[in-house]
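These notes concern the structure reproduced below.
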Amino acid sequence: MTYEQIRHDKEIGTYIERADAALCALGYTEHNQPHVCRVAEEAGRILSLLGYSARDVEIARIAGYMHDIGNIVNRHDHCQSGAVMAFSLLRERGFDARDIADIMTAIGNHDEGAGTPVSAVAAALILADKSDVRRSRVRNTDHISFDIHDRVNYSVEKSTLSVNEEKTLLTLSLTIDTSIGSVSDYFEIFLERMLLCRRAAECLGLGFRLVINEQILM
C-alpha cells in the first residue's frame with residue numbers, strides 16, 4: 001500500500017479524527033487532517049530534498065500521517081501507543097515487516113518527552129511535526145482567554161523549513177506577530193522542541209538554524 005491509500009483509509013482516518021476530538025476536549029491545538037497531512041508531506045519533502053530513496057520518502061509520509069494516532073488512547077505516552085496501533089493497522093494491510101518497523105520507530109520517537117532521532121525517517125518526522133506552528137491550529141476563538149500555547153501558535157503568521165543548496169543546513173524560519181506573542185514566549189514552551197529539531201537535523205547530516213522575524217536565534 002502507498003501513502004495515498006493510507007491517507008484515504010476510512011478506519012485510520014476515523015482514529016485520527018477521534019484522537020483529535022479527545023485533544024480538543026483537553027484544550028489542545030488542532031491535530032486532525034490539516035496537521036497530519038502537512039506533517040506527512042513535509043517529512044517526505046525533507047528526505048526527497050536530501051536524496052533519500054523513494055521508499056524512505058513514502059515511509060516518512062505514512063509515519064507522518066499516522067504519528068498522532070495514539071492520542072485516541074491518551075495524550076501521555078501517545079507516541080508509544082501510536083506505534084503499537086500502527087503495527088496492528090499496517091500488518092492487517094499487508095505491509096512488509098521492515099516498513100512497519102521503520103514506521104513504528106519514527107512514531108515512537110517523535111515527541112520531545114522521550115523521543116530521539118534514531119533514523120532518517122524519525123528525524124524527518126520530528127522536524128516536520130515540530131515546525132507545524134500556525135494560527136489556524138488554534139481552536140480557542142476567545143483571545144482574552146488564550147493560554148501561552150494559544151498565544152504562541154496564533155502569533156505565528158508563517159513557518160517554513162528549508163535546506164540550503166549545499167545540503168548542509170536546515171533552517172526553520174518563523175514570522176511572528178509580536179503584538180500577540182513574544183519570542184520569549186515561543187522559547188518558553190518550544191525550547192525543548194527546538195533542541196530536538198537540532199538533533200534531528202544532525203541525524204540527517206545537517207546543521208540547524210532557527211530564524212524568527214529575520215533574526216537568527218539558534
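Everything numeric in this text was worked out from a predicted model, so none of it was measured. Each residue takes its place number in the sequence, starting with 1.
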Are there over 12 heavy-atom neighbours, none belonging to [X], within less than 6.0 Å of that residue's [atom1]?
X    : atom1 : result
E166 : CD    : yes
H76  : NE2   : no
R55  : CZ    : yes

N71 and H31 side chains, donor-acceptor separation under 3.5 Å
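There is no such pair (donor and acceptor under 3.5 Å, judged by atom type) between the side chains of H31 and N71.
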S182 versus S184, side-chain donor and acceptor atoms under 3.5 Å
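Yes - a donor-acceptor pair under 3.5 Å links their side chains.
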Distance in Å, N140 CG paired with N153 CG, rounded so as to fall on 0.5 Å steps:
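If we round to the nearest 0.5 Å, N140:CG and N153:CG are 11.5 Å apart.
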Could you walk me through whether L90 and I6 pass side chain to side chain contact (heavy atoms under 4.5 Å, CB included), step by step?
CA-CA 9 Å; L90 295 175; I6 292 296; 4.1 Å; yes
Can D111 and K130 be said to form a salt bridge (Lys or Arg N to Asp or Glu O under 4.0 Å), step by step?
CA-CA 9 Å; D111 197 56; K130 304 316 172 191; 3.5 Å; yes
Taking all atoms of both residues into account, what is the closest heavy-atom pair of D9 and R93, and its distance?
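That closest heavy-atom pairing would be OD2-NE, 2.7 Å.
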Kindly indicate, with the supporting measurements, whether the criterion side chain to side chain contact (heavy atoms under 4.5 Å, CB included) is fulfilled by N32 and E17.
CA-CA 6 Å; N32 209 332; E17 289 169 7; 3.6 Å; yes
Are E202 and R199 close enough for a salt bridge, meaning some N to O gap below 4.0 Å?
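No salt bridge links E202 with R199.
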Looking at R135, R38, R134, R139, which one forms a salt bridge (charged side-chain N to carboxylate O under 4.0 Å, His left out) with E30?
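Among R135, R38, R134, R139, the one meeting salt bridge (charged side-chain N to carboxylate O under 4.0 Å, His left out) with E30 is R134.
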Please lay out, stage by stage, how L210 and Y186 fare under the test side chain to side chain contact (heavy atoms under 4.5 Å, CB included).
CA-CA 12 Å; L210 173 65; Y186 182 87; 4.2 Å; yes
